[in-house]
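One structure below.
Values in this document were obtained by computation on a predicted structure and should not be read as measured data. Computed from heavy atoms alone, side chains included, the values below leave out hydrogens, waters and symmetry copies.
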Amino acid sequence: MQNKYILFLVFSFNLLYINAQQEKIISFDEVINKVNENNYTIKISNKDFEVAKADFNQTNAILLPTISISHSGYSTTNPLMAFGFKLNQEILTAADFDPSLLNNPSTVNNFTTKIEVQQPIFNADGLFMRKAAKAKMNAIELQSSRTKDYIKLEVAKAYMQLQVAYKAVEVLEKANEAALENKKIAENNFKQGYLQKADILSVEVHVTEVKNQLQNTKSNLKNASDYLNFLMGNSANEILKPSTQLIANLDLNIYNKQFSTNRADIEAMEKSTEAYSNMYKASKMSYLPKLNAFGSYEMYDDKLFNADAKGYLVGAQLSWNIFEGYKRIGKTQKSKAQLDKAEISLNQYKNKSELEFNKAKRQLKDAENKLYLTNLAVEQSNEALRIRTNRFKQGLEKTSDLLISETQYLQKQLEYLQTVFNYNYTKAYVEFLIK
């Protein structure tokens, strides 16, 4: 008796806790809008694209000049440097050629302001690295788009799970009411001597099992609501309630749709393969010479931030790195292997995606067939329960048979709900594989 009292208190407390929390009705479109704005995975995906875009912007250095400004100061008695500083400052006189002054100069101060410009002219490997960076950026942009599609599928799944949870609670509450009603009838029959104590205990066990199942379903409802809040980036402690009921959205036209490689994730892998191709070409182009121009404008004085003397330097450099030990050859071989691996991975992914699509369509057909069968099973078990309940009230049916019918009807209802969910989710998954 004490255990029953404790169980009742725990059940009542949990029930009051759930009811005390705020319940918010929300539509699927509202969920999608909030997910697009606040979902963490989508935000991370967008940042990945920004990183790739920044990497691509860095390759502008292949085309644009590098400009730097510096100001430096020196103080020296080194004969060579002292003579050079005076020459740069344009203050050299005939007296400075005196051997004693040349060999033992007094301290000379020199301040230099320098503007340097370096302009790439021909760097073939850099151009292909730039193409590779652009292909990578496009690949991540496409992958980001696919990530949004996947999150939308995950949201649809979570929303449907919440629909299932609410419908299951409704079914179990009705089952609980029916079990309590039959318990009253059983107790009356026991008082009249039609039933034994064992029958009453069986009924009480059944009532307890239904209550436990109801409590577990309410916990699952809260879990589904929390997960949907998480997907929306929402930390509010509120229970969400779908604005629509769970129904089977049959669509026979979906079986006629065919698999297409024009899918964001497949196109992203194609762009990734293109990036590896350009990296391989860049490795081969590194054998060619490089041509770069440079120039500088310099201002000299013996006082800080002054510029009494000026000069400039312009030029170009053609450099050709003939051999680097085996480093460049190994790098080219590595790039070729990475390209081959990317091409194989792309073909594998295409074939696997088509295999997955065909499998999902078959699963959808199986779910559609099961939908019809489980609905029929619900109707049959409901009719069997109705007949046995009427006979039980008249004392013509065994308690065990009634409990079996109640359990079967409850199981078939919950199984039908799960079948509806499986069909709707599988259909959404097939659409995701097509998109």
Side-chain angles (χ1 to χ4, degrees), residues 18-19 21-46 143-173 217-257 263-265 356-357 360-361 363-368 370-371 374-375 413-435:
I18 293 177
N19 291 334
Q21 290 181 289
Q22 184 180 1
E23 189 176 85
K24 179 181 179 181
I25 297 176
I26 191 167
S27 68
F28 181 72
D29 290 338
E30 288 178 298
V31 174
I32 288 295
N33 290 335
K34 289 189 176 181
V35 166
N36 289 334
E37 293 176 0
N38 303 318
N39 181 262
Y40 296 112
T41 303
I42 291 178
K43 287 182 177 180
I44 292 172
S45 179
N46 291 336
Q143 192 60 50
S144 177
S145 175
R146 188 60 176 172
T147 298
K148 292 177 182 177
D149 292 337
Y150 172 75
I151 292 298
K152 185 175 181 180
L153 175 67
E154 189 69 11
V155 170
K157 179 181 178 181
Y159 194 81
M160 286 187 285
Q161 286 175 332
L162 192 58
Q163 289 177 319
V164 170
Y166 270 99
K167 191 65 178 177
V169 168
E170 181 182 330
V171 168
L172 284 164
E173 284 178 342
T217 303
K218 287 185 175 181
S219 295
N220 291 336
L221 185 153
K222 183 62 170 64
N223 293 336
S225 176
D226 288 346
Y227 184 56
L228 200 58
N229 271 317
F230 168 76
L231 290 175
M232 292 189 295
N234 185 10
S235 59
N237 187 22
E238 57 187 5
I239 298 180
L240 301 176
K241 184 175 183 180
S243 60
T244 55
Q245 293 285 334
L246 179 72
I247 58 174
N249 298 315
L250 293 175
D251 183 8
L252 300 180
N253 293 327
I254 197 169
Y255 298 110
N256 299 325
K257 295 183 178 181
R263 214 170 67 182
D265 55 336
E356 192 173 4
F357 171 73
K361 282 211 302 185
Q363 289 176 334
L364 182 63
K365 189 63 179 178
D366 293 340
E368 181 185 338
K370 189 175 181 181
L371 196 63
T374 52
N375 184 49
Q413 288 183 93
L414 296 177
E415 183 180 351
Y416 176 72
L417 292 177
Q418 187 62 41
T419 304
V420 173
F421 167 80
N422 290 340
Y423 175 81
N424 287 348
Y425 175 70
T426 305
K427 183 168 71 71
Y429 183 59
V430 171
E431 292 172 344
F432 168 74
L433 295 176
I434 296 172
K435 188 173 182 181

Q.
Strictly distance-based, threshold 3.5 Å: is any side-chain N or O of D149 a donor or acceptor partner for the main-chain N or O of F432?
A. no
**Q.** Residues which pass side-chain contact (heavy atoms from CB on, under 4.5 Å) with K370, listed by chain and number, not counting sequence neighbours
**A.** T374, E415, T419
**Q.** Parallel, tilted or perpendicular, as decided by the 30° and 60° cut-offs, for the rings of F28 and Y159
**A.** perpendicular
Q.
Using only atom types and a distance under 3.5 Å, with no angle test, would you say the side chain of S45 pairs donor to acceptor with the backbone of T41?
A. no
Q. Side chains of Q418 and N422: is there a donor and an acceptor less than 3.5 Å apart?
A. yes
**Q.** Heavy-atom pair of closest approach, residues F357 and I434
**A.** CE1-CG1, 3.3 Å
Q) Is there a side-chain contact between K218 and E173, using heavy atoms and a 4.5 Å cut-off? A) yes
Q: Take L433 and R263 through the test side-chain contact (heavy atoms from CB on, under 4.5 Å) and record every step on the way to the result.
A: CA-CA 8 Å; L433 295 176; R263 214 170 67 182; 3.9 Å; yes
Q.
Between K167 and E170, does any NZ, NE, NH1 or NH2 come within less than 4.0 Å of an OD or OE carboxylate oxygen?
A. yes
Q | N33, I32, V35 screened by side-chain contact (heavy atoms from CB on, under 4.5 Å) with M232, the one that passes | A | V35
Q: Output the distance between atom CD1 (I44) and atom OH (Y40), rounded to the nearest 0.5 Å.
A: 10.0 Å
Q: Test K222 against D226 for side-chain contact (heavy atoms from CB on, under 4.5 Å), laying out the working first.
A: CA-CA 6 Å; K222 183 62 170 64; D226 288 346; 2.6 Å; yes
**Q.** For V164 against F421, the heavy-atom pair lying closest together
**A.** CG2-CB, 3.6 Å
Q | Separation of T426 OG1 from L364 CG (nearest 0.5 Å) | A | 6.0 Å
(Q) Please determine whether side-chain contact (heavy atoms from CB on, under 4.5 Å) holds for the pair N46 and K148, giving the CA-CA distance in whole Å, both sets of side-chain angles, and the decisive distance to 0.1 Å. (A) CA-CA 10 Å; N46 291 336; K148 292 177 182 177; 3.8 Å; yes
Q | Heavy atoms from other residues, nucleotides or ligands near OH of Y255 exceed 12 (cutoff 6.0 Å) | A | yes
Q: Would you confirm whether N229, through its side chain, and E238, through its main-chain N or O, come within 3.5 Å as a donor-acceptor pair?
A: yes
Q. Which distance, rounded to the nearest 0.5 Å, do you find between the CG of L231 and the NZ of K34?
A. 13.0 Å
Q: Please report the closest heavy-atom contact between Y166 and I239, naming both atoms and the distance.
A: OH-CG2, 3.3 Å
Q: Answer whether the closest heavy-atom distance between the side chains of Y227 and L162 falls below 4.5 Å.
A: no
Q: For A165 and T217, work out which heavy atoms get closest and say how close.
A: O-CG2, 3.8 Å
(Q) If I take atom CG from residue L228 and atom CD from residue E154, how far apart are they, to the nearest 0.5 angstrom? (A) 10.0 Å
Q: Side-chain contact test, heavy atoms from C-beta onward, threshold under 4.5 Å: evaluate it for E368 versus L252 and give yes or no.
A: yes
Q: Return yes if some donor-acceptor pair links the side-chain N/O of N375 with the main-chain N/O of L371 below 3.5 Å, else return no.
A: no
Q) Are K241 and I26 side-chain neighbours, meaning at least one heavy-atom pair lies under 4.5 Å? A) no
Q.
Are the side chains of V420 and M160 in contact, using a 4.5 Å heavy-atom criterion?
A. no
Q | Qualifying residues under salt bridge (Lys or Arg N to Asp or Glu O under 4.0 Å), relative to K257, sequence neighbours excluded | A | none
Q: Report the distance from atom CG of N220 to atom OG of S225, rounding to the nearest 0.5 Å.
A: 12.5 Å
Q.
How long is the straight-line distance from CZ of R146 back to CD1 of I151, given to the nearest 0.5 Å?
A. 12.0 Å
Q. Got more than 12 heavy atoms from elsewhere within 6.0 Å of NZ, K152?
A. no
